[in-house]
Amino acid sequence: MDKNQLSRRNFLEKSALIGAAGVVGMSALTSCSKNKKEVDYAFPPLLDSAPDGKPLKAGLIGCGNRGTGAALNFLAAGHDLHLVALADVFEDKVWDSRDKLLKQRVEVSEKNCFWGFDAYKKVMDLDVDIVILATPPHFRPEHLDAAIQAKKHVFMEKPACVDPVGARRIIATSKKAENMGLSVITGTQRRHRDDYLETYKQVASGAIGELKSAKAFWMQSHVWFRTREEEWSDMEYMLRNWNNFCWLCGDHILDTHVHNIDIVNWFMGKHPVEAIGFGGRTHRLTGDQYDFFSIDFDFGTGVSSHSFSRQIDGCANQMGEMIMGTEGYTNCKNTIFNFDGSVKWTYDYPKDENGRSTGSLKISPYVQEHIHLVTSIRNNQPVVEAERTAISTLTAIMGRTAAYTGQKVTWEEMMTSTERLGPDKYEMGPVDMEFPVPVPGTAHKA
């Protein structure tokens with residue numbers, strides 16, 4: 001095998017020292033537990049900055065607020081990191097991003113600014129080491145495949161896709177990246193947070209016993225939307241209002257709640273085998289999405305997770321995860337509890353100059369993701385996170401499908417589904433599609 005190729009087994013072997021260090025560093029809580037287990041997980045290096053090394057050039061594909069933010073996060077990850085190209089379907093988005101970057105003293109040459117549906121290809125043709133994929137997630141499978149074919153390392157935002165066909169394509173491309181020795185880091189920043197990682201170590205080592213149930217929740221006010229302007233075509237309107245159309249973002253169970261679903265999958269060490277649930281729409285003004293979801297994910301052997309998300313103004317808001325075991329429970333982020341509610345273990349955050357806990361991490365997890373990416377490249381230890389993010393995304397799609405249809409949906413059905421969302425071709429102008437809000441079940445008869 002070429003020394004630059006890296007299989008999953010090679011990766012786990014090369015990551016063993018990191019994982020072992022994490023196990024050795026655990027507190028007496030887990031070392032004394034009768035349920036202590038070996039922790040088999042490749043923990044990311046949590047550094048203040050990526051190691052120095054060869055200069056790395058990146059191109060940004062998707063110049064919205066998140067894309068521009070991701071580019072700045074990349075530049076903050078270490079030394080000799082450069083943003084050299086911008087691409088978006090809309091010209092004004094490119095120039096807006098360039099202006100915002102200029103205010104942060106980051107200048108991208110005008111000759112490396114591209115727009116249009118094929119703008120991403122022009123970035124791939126440049127001499128860049130990394131591409132940052134931050135377009136609406138519908139385009140992620142195609143863009144990731146193009147990046148790997150072009151032998152680029154990748155940072156890609158979540159969710160990984162919007163439909164089962166896209167999920168399977170991401171998984172296939174992920175395996176290509178592994179074989180080619182390329183790194184793909186995804187925007188699941190909780191997996192790059194020391195507090196979540198340390199809590200995971202405790203739980204995986206048996207601190208709460210056998211895992212029996214979980215819940216995951218993301219409840220917030222409505223997110224942004226745009227009303228249609230007279231000169232906008234169908235395609236332009238949907239792209240500028242992408243967060244409100246299922247074919248572009250996957251609905252908010254993917255766009256935001258996938259973070260919580262990913263945490264439950266991670267702690268459980270597997271994905272659910274089926275889902276049943278419901279959802280609905282009450283207040284949204286644009287698009288075809290639901291306002292709320294309530295899904296029961298069945299992991300088999302009597303273990304399930306209640307997963308619920310909502311985007312409605314004027315309601316009680318909450319965000320997080322909870323996992324119950326036979327010997328306690330955890331919020332997954334920083335605390336393990338006994339059944340009477342008393343604290344069994346808590347994460348020790350950095351302290352301020354007065355010795356008091358800051359309650360926050362030293363390095364933003366949004367930067368830590370990019371530190372991980374740059375470190376993997378400069379140390380020639382490739383890391384590929386795309387498959388696991390695709391699996392969590394497909395879990396969310398399974399829940400969405402269950403709510404949209406009112407039926408029980410299985411993982412096997414997701415892995416064989418031919419559902420592909422969106423138009424057959426991408427061009428500005430009219431779009432021959434209908435966007436009815438899904439209504440499960442059958443209507444009452446008079």
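These values consider heavy atoms only, across backbone and side chains, with no hydrogens, waters or symmetry-generated copies.
Checked against a 6.0 Å centroid threshold, the rings of F292 and F308 do not count as neighbours. For H257 and F293, the distance between ring centers is not under 6.0 angstrom. Aromatic ring centres of F245 and F225 lie farther apart than the 6.0 Å criterion allows. Two rings, from F114 and Y120, have their centers 6.0 Å or more apart. Ring centroid separation for the pair F43 and H192 does not come in under the 6.0 Å cut-off.
In summary, the side chains of H252 and D255 do not present any donor paired with an acceptor at a separation below 3.5 Å, with no hydrogens or angles considered. Counted by atom type alone, N241 and T286 present one or more donor-acceptor pairs between their side chains at under 3.5 Å. Side-chain contact of Y290 with D251: a donor-acceptor pair under 3.5 Å is absent, judged by distance alone. For Q220 and W218, the side-chain atoms include at least one donor-acceptor pair closer than 3.5 Å. A donor and an acceptor atom, one from each side chain of T395 and N265, are located under 3.5 Å apart. Side-chain N/O atoms of S213 and S304 include no donor and acceptor closer than 3.5 Å. Checked by atom type, the side-chain pair N334/Y196 shows no donor-acceptor distance below 3.5 Å. For the residue pair K122 / N112, no side-chain donor-acceptor distance below 3.5 Å is found, with atom types taken as modelled. For E198 and Y347, the side-chain atoms include no donor-acceptor pair closer than 3.5 Å.
Geometric assessment of R226 against the ring of W224 yields a positive cation-pi assignment under the 6.0 Å and 45° thresholds.
Residues C249 and P136 form no side-chain contact, since every pair of their non-hydrogen atoms from C-beta on lies 4.5 Å or further apart.
Pairs engaging residues 47-96 under the ring-ring contact (aromatic ring centres under 6.0 Å, His included) rule: W95-W115 [sequence neighbours left out].
With sequence neighbours excluded, the residues satisfying salt bridge (charged side-chain N to carboxylate O under 4.0 Å, His left out) with D262 are R191. For Q311, the side-chain hydrogen bond (donor to acceptor under 3.5 Å, both in side chains) partners two or more places apart in sequence, or in a different chain, are R284.
The residues D99 and K103 are annotated as not salt-bridged, no charged nitrogen and carboxylate oxygen being separated by less than 4.0 angstrom. Between D145 and R169, at least one side-chain nitrogen of the basic residue sits less than 4.0 Å from a carboxylate oxygen of the acidic one, meeting the salt-bridge criterion.
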